[in-house]
Structures are given as structure tokens and as C-alpha cells.
Protein chains: 2
Amino acid sequence: MHRHEGHDACRSDAPDMLARAEALCRERGLQFTPLRRDVLEAVAESDKAQGAYDIAERLSVPGKRVAPVSVYRALDFLMEQGLVHRIASRNAFIPCAHGHAPGEGVIFLICRSCGAVDEASSADVEGGLERTLERAGFTPTHSILEVEGDCGACRKRARTP
Amino acid sequence: MHRHEGHDACRSDAPDMLARAEALCRERGLQFTPLRRDVLEAVAESDKAQGAYDIAERLSVPGKRVAPVSVYRALDFLMEQGLVHRIASRNAFIPCAHGHAPGEGVIFLICRSCGAVDEASSADVEGGLERTLERAGFTPTHSILEVEGDCGACRKRARTP
DNA sequence: TCTGGCGGTGATACACTGTAACAAACCCGC
DNA sequence: GCGGGTTTGTTACAGTGTATCACCGCCAGA
């Protein structure tokens, strides 16, 4: 089990994220288009989960509107490539903090106070889940695990206002 | 760890569910109104997750329309009382298969083929999750764990068509 | 009895989220 | 240049959820 270390730096270091995405697309023979780049950059600019419409609005400038449907398409692409995650309980999107092993379970920690979303992973949880599913005769294809609560920073802030 | 036994009977035994709900409301001094009763019954009639609009349509008869907003209000009430669950990945609702210990984690097993939703629980998963959250300095208030895949019945059906 | 409050419901409107369908632009190999 | 796939723009629409206000029924208290 491990928690992802150095997370904050990761999330705010958008340039690194973009470089990684570009390399990944080149490697896979896919197009890292300007729109996809812009959407990824917009998502990576914040550690809060952002809605597709927020992103569309942020990317729009007078004279050059980006329609939500375009954002959705870019997000679909970025999710397929494992570059962003969707937070089902919020209908919102966050950058993937780091390269996950394919199929590795991710736990999203969503702070109800500051809105930041952290990622964690746990071999214990994953193993327990596998055993539970097997016992139930259930073959999983995809699982989501999202926890809402208070992050350490916000709890500390609440104690010493 | 245990998987909920006798689940099918539980889910289809709507009358029992209604009696339980009524008793629970009386006990808590809350109103188990006709609308709430109808909504719970509609949810309990199927082991598939149903959308609020589906429920509204099902409850509507010529001359007596039930608006989605009314269904949402009833569902909010029923969720607060722990009688129904919301499936975040589907924007849909299912009856609670049994009385959970308050705060106990539930794992939803969603079959992508037949759409049925089963419930499971696992002390392993829960313990692992607790440890992971503590390590991350995160205080949880609510967590959702939903797994999509193929249930045993559908996998068997696929093998012998 | 009257009255005021309160919870529940009905009804309308609206905001937010996501997708379908089609046309235009672009890119790339032939 | 041409043909075919991919990407994007645009419009329209479906699905999901909430805000607001009015009305009703009930019940406690004057």
C-alpha cells in the first residue's frame, strides 16, 4: 500500500503534465491537438474537480467560443489515455496525478471544504475488493471508489482559524 | 466479511420493504406519506437501478401526473432514512437490500449486461480503506464504492446461450 | 374557534450535464 | 491532387437536478 507522494507539486506542475501527455501521444501514434492540449491544461491548472462547462467557459475568449461538446470529446480522449479522471459523484474532472498501472484501482479523496481531490491507492483495499467480488461471483470491468470528507489541511485550518 | 445472503428474495419482497419503512418512520416520528410509499414501492419493484424520471413516469397515470421534482423529494427523504441508495455512476436509485449498520460501507455490484445491482460488504475493504485514509490524513464523511462488471448469472447465460 | 406555523405536495421554470447528427476542416499516405 | 480517416464546429436535443412560489392539511396555542 502506498499513498502517492509529492502530489501537490505534481498537480500544479501543468507544463510537466503537458510534456508527458505529448510524449505519450507520440508514443501511441495519437494526435495531441491544440484543443486537447488546452483542455488538459485547463484541467491541470487546479487541483479541484472542474465541470466540463466550466472548462468550456474558461477556454472561451471573445470571438472564439469553445463549445461544451468539444470539451467532452477532448475529455473522453484524455480519459481513454489515462490523463484525466472523472469524479462520478461530482460530474467533474481532475488531472491524473501520475501514471497508474493500467487497471490499478485509484481512490479519490474529495475534500468537501476546499474541493481539492487527492488520489490514493491501497493494495489492501484492492485485494479485499477482489476477494469480495470473487466470492460474489462477479467479474469486474471497472470500479470507482470516491471518498468525501475533510483533508488534513482543511482540518488543521479549522482548528486554528 | 460477508456477502448479503438471500438477496433476490429481499429485493423482490416489496411488501416487506414497505412494512419495514413504515415501522421505521413511525419509530422516528416521520411521515410515511402515500407519495413516499409509492416511490419506495416503485424503486423496490425492480433490482435494476431506476432513474428519477423513470419512476415519475411509472407513477403517473392519465389524469394524475407525478412530477420528477416530487420524486426527487421523496427519494431524498428515503435516502436520508437509509431506505434507498443512489448509484452515482448511473444517476439512478435502488432499494436498500437490508438494514445496514449506520456508516457501514456498502459495495454496489452493477451488472453491465442485465443492469441488476447487488450489494456486498467487506470488512477487509473497509479496514484497508480506513487505514489508507488515516495515512493520508483524510477524515471521511461518506464514501461510495461501485463496481461495474458481469454478474454470475449473466456470465453463465453467456457461456450457454 | 380561530389562527399561525410547519411540513408536504403541485406546478412552473430553469440550470446543469451529456449526446446525436451532420457538415466542414484537417491531415496523411498514395 | 485525391480519397479516406480523424478532428472540430455547430445545432439541436435528451437527461438530470434544483429554485421558487403557491396551496393544502394538520396541529398547537391563544
Side-chain angles (χ1 to χ4, degrees), chain A residues 21-22 24-26 28-43 48-81 83-94 115 144 146, chain B residues 21-22 24-26 28-43 48-81 83-94 115 144 146:
Chain A
E22 188 169 3
L24 183 149
C25 287
R26 195 166 34 233
R28 297 181 186 172
L30 302 170
Q31 304 181 38
F32 192 56
T33 66
L35 176 65
R36 289 167 180 174
R37 203 204 80 96
D38 290 348
V39 169
L40 179 57
E41 190 177 33
V43 172
K48 293 180 178 52
Q50 296 180 80
Y53 278 66
D54 297 333
I55 297 169
E57 192 173 353
R58 180 192 294 223
L59 293 182
S60 293
V61 292
K64 171 72 178 161
R65 184 180 101 94
V66 176
V69 62
S70 297
V71 174
Y72 275 110
R73 285 191 287 228
L75 287 171
D76 286 343
F77 172 85
L78 294 170
M79 279 193 291
E80 275 168 20
Q81 306 312 317
L83 293 165
V84 312
H85 297 294
R86 181 183 149 81
I87 305 297
S89 59
R90 295 280 181 112
N91 297 324
F93 303 83
I94 59 165
I144 66 178
E146 302 175 6
Chain B
E22 188 169 3
L24 183 148
C25 286
R26 193 166 35 234
R28 298 181 185 173
L30 302 170
Q31 305 181 38
F32 191 55
T33 65
L35 176 65
R36 289 169 179 174
R37 204 204 79 96
D38 291 348
V39 170
L40 179 57
E41 189 177 34
V43 172
K48 293 181 179 50
Q50 297 181 79
Y53 278 67
D54 298 333
I55 297 169
E57 192 172 354
R58 180 191 293 221
L59 293 183
S60 293
V61 292
K64 170 74 178 160
R65 183 180 103 93
V66 176
V69 60
S70 297
V71 173
Y72 276 110
R73 285 192 285 227
L75 287 171
D76 285 343
F77 173 85
L78 295 170
M79 279 193 292
E80 275 169 19
Q81 306 313 316
L83 293 165
V84 312
H85 296 295
R86 180 184 150 81
I87 306 297
S89 59
R90 295 280 181 113
N91 297 324
F93 303 83
I94 60 165
I144 66 177
E146 301 176 7

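A, B, ... follow the sequence lines: proteins, then strands. Residue 1 opens every chain.
- The side chain to side chain contact (heavy atoms under 4.5 Å, CB included) test with A:V71 singles out one residue from A:D76, A:V66, A:D38, A:D54, and that residue is A:V66.
- For D:dT16, the OP1/OP2 oxygens have no side-chain nitrogen or oxygen of B:Y53 closer than 4.0 Å.
- Nucleotide C:dG10 holds its P atom 10 Å from the CG atom of B:D38, rounded to whole Å.
- Separating the CZ atom of A:R86 from the P atom of C:dC16 is a distance of 17 Å, rounded to the nearest angstrom.
- Rounded to a whole Å, the OH atom of B:Y72 is 13 Å from the P atom of D:dA19.
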Give every pair of a protein N or O atom and an N or O atom of nucleotides 7-11 of chain D that lie under 3.5 Å apart, one pair per line with the distance.
| from | atom 1 | to | atom 2 | distance (Å) |
| --- | --- | --- | --- | --- |
| D:dT7 | OP1 | A:R36 | NH1 | 3.3 |
| D:dT7 | OP1 | A:R36 | NH2 | 3.4 |
| D:dT7 | O5' | A:R36 | NH2 | 3.3 |
| D:dT8 | OP1 | A:T33 | OG1 | 2.4 |
| D:dG9 | OP1 | A:K64 | NZ | 3.0 |
| D:dG9 | OP2 | A:S70 | OG | 3.1 |
| D:dG9 | N7 | A:R73 | NH2 | 2.7 |
| D:dG9 | O6 | A:R73 | NH1 | 3.2 |

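- Side-chain nitrogen and oxygen atoms of B:N91 include none within less than 4.0 Å of the OP1 or OP2 phosphate oxygen of D:dG15.
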Just the table, please: protein N/O against nucleotides 23-28 of chain D N/O, every pair under 3.5 Å.
none

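- Between A:E146 and A:A88, the shortest heavy-atom distance links the atoms OE2-N, 2.8 Å.
- Atoms CG (B:D54) and P (D:dA14) sit 15 Å apart, rounded to a whole Å.
- We find that CD of B:E80 is positioned 13 Å from P of C:dG7, with the value rounded to whole Å.
- To the nearest angstrom, C1' of D:dT16 lies 16 Å from CD of B:Q50.
- Five base pairs at each end of the helix from C:dT1-D:dA30 to C:dC30-D:dG1 define two local axes, and these are offset by 20° (rounded to 10°).
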*A:F32 and A:L40: CA distance, side-chain angles, deciding distance, side-chain contact (heavy atoms from CB on, under 4.5 Å) verdict*: CA-CA 10 Å; A:F32 192 56; A:L40 179 57; 4.0 Å; yes
